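All remarks here apply to the structure that follows.
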There are 2 protein chains.
Amino acid sequence: MKDHEKEFLAQYRPEDFPRPSVAVDVVVLTVQDGKLRVLLVARKEHPFKGKWALPGGFLRVGKSSRDQGEDLDAAAARELEEETGLSPSQVFVEQLAAFGRANRDPRMRVVTIAYFALVRPDLLALVRPGGDASRVKWTAVDEALDPKNDHERLAFDHADIVRAARARVIERLETSPIAKNLVPEPFTIPELRATFETVSGKKLDRGNFRRKFAQLVERGVVERAPGKRATASKPAAVYRFRDATR
Amino acid sequence: MKDHEKEFLAQYRPEDFPRPSVAVDVVVLTVQDGKLRVLLVARKEHPFKGKWALPGGFLRVGKSSRDQGEDLDAAAARELEEETGLSPSQVFVEQLAAFGRANRDPRMRVVTIAYFALVRPDLLALVRPGGDASRVKWTAVDEALDPKNDHERLAFDHADIVRAARARVIERLETSPIAKNLVPEPFTIPELRATFETVSGKKLDRGNFRRKFAQLVERGVVERAPGKRATASKPAAVYRFRDATR
DNA sequence: TAAATAGTGTCTATAAGACATTATCTC
DNA sequence: GAGATAATGTCTTATAGACACTATTTA
């Protein structure tokens with residue numbers, strides 16, 4: 001029985017069927033200057049040469065059935081690190097969805113597995129774009145998706161992917177503590193509220209937000225940090241997410 | 001400029017890089033006999049010959065850059081139709097996620113795009129399994145995932161995929177009207193409640209459930225249907241989801 | 001002291017949980 | 001009439017929205 005399987009595998013020829021290419025693209029998001037921003041890379045080659053695109057690349061696949069190459073998550077982490085110098089331990093990364101419309105790439109059939117990553121604003125200083133920095137920029141998501149920016153349209157179907165990522169983050173913001181990965185460490189309540197507002201695009205009541213926040217403290221998701229944040233007016237108390245929280 | 005791109009595309013050799021295979025698998029779910037059930041197919045060939053697996057197959061990719069083959073959604077719809085005879089117009093289908101761990105298939109690197117589909121129980125009679133019916137069965141999800149059923153373990157990483165599908169459906173049950181695709185048409189309030197209970201695995205209070213349901217009627221999501229459902233005791237009023245609802 | 005913003009309190013409307021009561025059918 | 005379950009009502013508690021008020025800093 002088991003021998004039959006071995007024999008079968010030995011004779012199997014994957015080359016007999018045409019196969020698509022598989023890529024991994026990462027929507028790297030942060031909040032800066034009161035805007036949700038996405039990391040874009042200028043394409044060096046055709047197709048869409050010179051256009052802005054998401055960082056990404058082809059999945060590395062081994063050549064034998066033994067060595068089958070890197071996992072999808074590893075590929076996403078690798079692309080992120082190559083393009084930003086940030087390791088997955090510092091950054092929240094999660095799979096978004098697969099995008100595989102025929103003709104989304106004029107070269108050939110490409111199915112891309114899209115991921116999104118959240119970079120805390122206080123880590124932005126550590127970002128070292130791989131290659132030359134002029135090729136990389138943080139663009140406001142609203143701008144990147146603005147249909148009036150016709151001359152700066154994103155390459156491929158990357159606008160769709162960014163839209164999906166934003167929708168996913170907004171959804172998760174209310175049901176999970178991913179906000180941790182979008183506020184500086186430590187942070188003040190008004191800062192956290194501002195982050196929610198810029199990501200969701202909605203104004204939030206100060207008092208009501210504090211009340212919700214108080215629940216997070218009670219549940220031990222978040223805790224006071226020493227010191228205060230100096231501002232132009234009354235300084236604010238600072239907090240931090242407790243470990244083992246995402 | 002544009003000419004450069006044409007030239008580039010003409011010279012591009014996708015064959016130069018090793019590529020994974022891309023498959024599409026579908027978690028077809030329904031509720032029957034008070035259980036959430038998944039459609040499984042016995043594998044005819046190695047690997048995992050004779051084991052139960054999700055219906056699925058390889059993505060059809062065209063041979064030229066012009067004809068790039070079918071969309072992912074189309075491939076999922078095709079697999080569904082081949083295995084059940086049901087068309088996507090009768091069934092709710094949505095992408096779940098990509099699963100692409102190295103070595104999840106011993107033959108070669110395979111990345112699968114998993115979908116889930118919901119089949120209304122009153123459509124089960126229409127299901128005509130492609131090929132011989134003995135190869136297909138509706139298994140209770142709890143059973144398929146029971147670690148004690150060691151001898152009947154699902155092929156590949158399909159247990160992971162089924163788990164993810166169930167989690168997604170439970171999540172969506174509360175935030176969208178997908179329940180429409182899991183109750184017969186028309187249905188009674190107790191039937192709908194039972195469906196929620198079997199999918200989520202939680203008991204729900206009758207009175208409170210009715211109150212929630214009343215909101216759906218007010219919002220026009222659902223409406224009274226003529227007649228009543230005869231039961232062993234007091235008959236229940238029947239309802240139906242209004243069109244353009246998913 | 002004025003301006004600014006952090007932080008608190010309160011009133012109301014809505015929704016959720018628990019559970020008791022009534023209504024209508026079959027046998 | 002008994003048993004079963006559909007259908008309704010009620011009491012309590014928790015949560016969300018709107019908004020007024022107090023506190024503490026800088027300039």
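Predicted model only: the values in this text are computed from it and were never measured. Computed over heavy atoms, backbone and side chain alike; hydrogens, waters and symmetry mates excluded.
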Salt bridge (charged side-chain N to carboxylate O under 4.0 Å, His left out) partners for B:Asp205, two or more places apart: none
Length of the CZ-P vector between B:Arg211 and D:dC11, whole Å: 13 Å
With sequence neighbours excluded, residues passing side chain to side chain donor-acceptor pair (under 3.5 Å) with B:Asp160: B:Arg163
Holding to side-chain contact (heavy atoms from CB on, under 4.5 Å), I want the full list of residues that pass it with A:Ala53, two or more places apart in sequence or in another chain. A:Arg43, A:Ala155, A:His158
Which word best sums up how the rings of B:Phe92 and B:Phe116 line up, parallel for under 30°, tilted for 30 to 60°, or perpendicular for over 60°? tilted
What is the first contacted nucleotide of DNA chain C and what is the last, in 5' to 3' order, if contact means an atom lying under 4.0 angstrom from a heavy atom of chain A? C:dA4 to C:dT10
Position toward the 5' end of DNA chain D (nearest nucleotide), A:Lys212 or B:Ile189: B:Ile189
When B:Gln215 is tested against each of B:Arg211, B:Glu218, B:Arg219 for side chain to side chain donor-acceptor pair (under 3.5 Å), which residue passes? B:Arg219
What is the nucleic acid contact for A:Ala237, judged by heavy atoms within less than 4.0 Å: base, sugar-phosphate only, or nothing? sugar-phosphate
Can you give each donor-acceptor pair under 3.5 Å made by side-chain atoms of residues 225-235 of chain B, sequence neighbours left out, with the distance rounded to 0.1 Å?
from     : atom 1 : to       : atom 2 : distance (Å)
B:Arg229 : NE     : B:Glu191 : OE2    : 2.9
B:Arg229 : NH2    : B:Pro186 : O      : 3.0
B:Arg229 : NH2    : B:Glu191 : OE1    : 3.1
B:Arg229 : NH2    : B:Glu191 : OE2    : 3.3
B:Thr231 : OG1    : B:Ser233 : N      : 3.1
B:Thr231 : OG1    : B:Ser233 : O      : 3.2
B:Thr231 : OG1    : B:Lys234 : O      : 3.2

Which residues pass the side-chain contact (heavy atoms from CB on, under 4.5 Å) test with B:Asp73, not counting sequence neighbours? B:Tyr115
Starting at the 5' end of nucleotides 22-27 of chain D, put B wherever the base has a protein heavy atom under 4.0 Å, S where only the sugar-phosphate does, and a dash everywhere else. -BBBS-
Under 6.0 Å from the CZ atom of B:Arg128, do we count more than 12 heavy atoms belonging to anything else shown? no
For DNA chain C, find the residues of residues 192-208 of chain A with a heavy-atom distance under 4.0 Å and give them by number; none if there aren't any. A:Arg206, A:Gly207
For DNA chain D, stems built from three or more consecutive Watson-Crick or G-U wobble pairs below 3.5 Å: C:1-27 with D:1-27
If you look only at distance, which donor and acceptor atoms sit under 3.5 Å apart when one is on a side chain in residues 138-148 of chain A and the other is two or more places apart or in another chain?
from     : atom 1 : to       : atom 2 : distance (Å)
A:Asp142 : OD1    : A:Arg166 : NH1    : 2.9
A:Asp146 : OD1    : A:Lys148 : N      : 2.9

For B:Arg210, which residues count as a side chain to side chain donor-acceptor pair (under 3.5 Å) partner, sequence neighbours excluded? none
Answer yes or no: is there a donor N or O on one side and an acceptor on the other, between the side chain of B:Gln90 and the main chain of B:Ser87, under 3.5 Å? yes
Got a sec, which pairs hit salt bridge (charged side-chain N to carboxylate O under 4.0 Å, His left out) with one end in residues 30-39 of chain B, sequence neighbours left out? B:Asp33-B:Arg37
One thing to verify: whether A:Asp71 and B:Arg101 come together as a salt bridge, which I'm taking to mean a side-chain N less than 4.0 angstrom from a carboxylate O. no
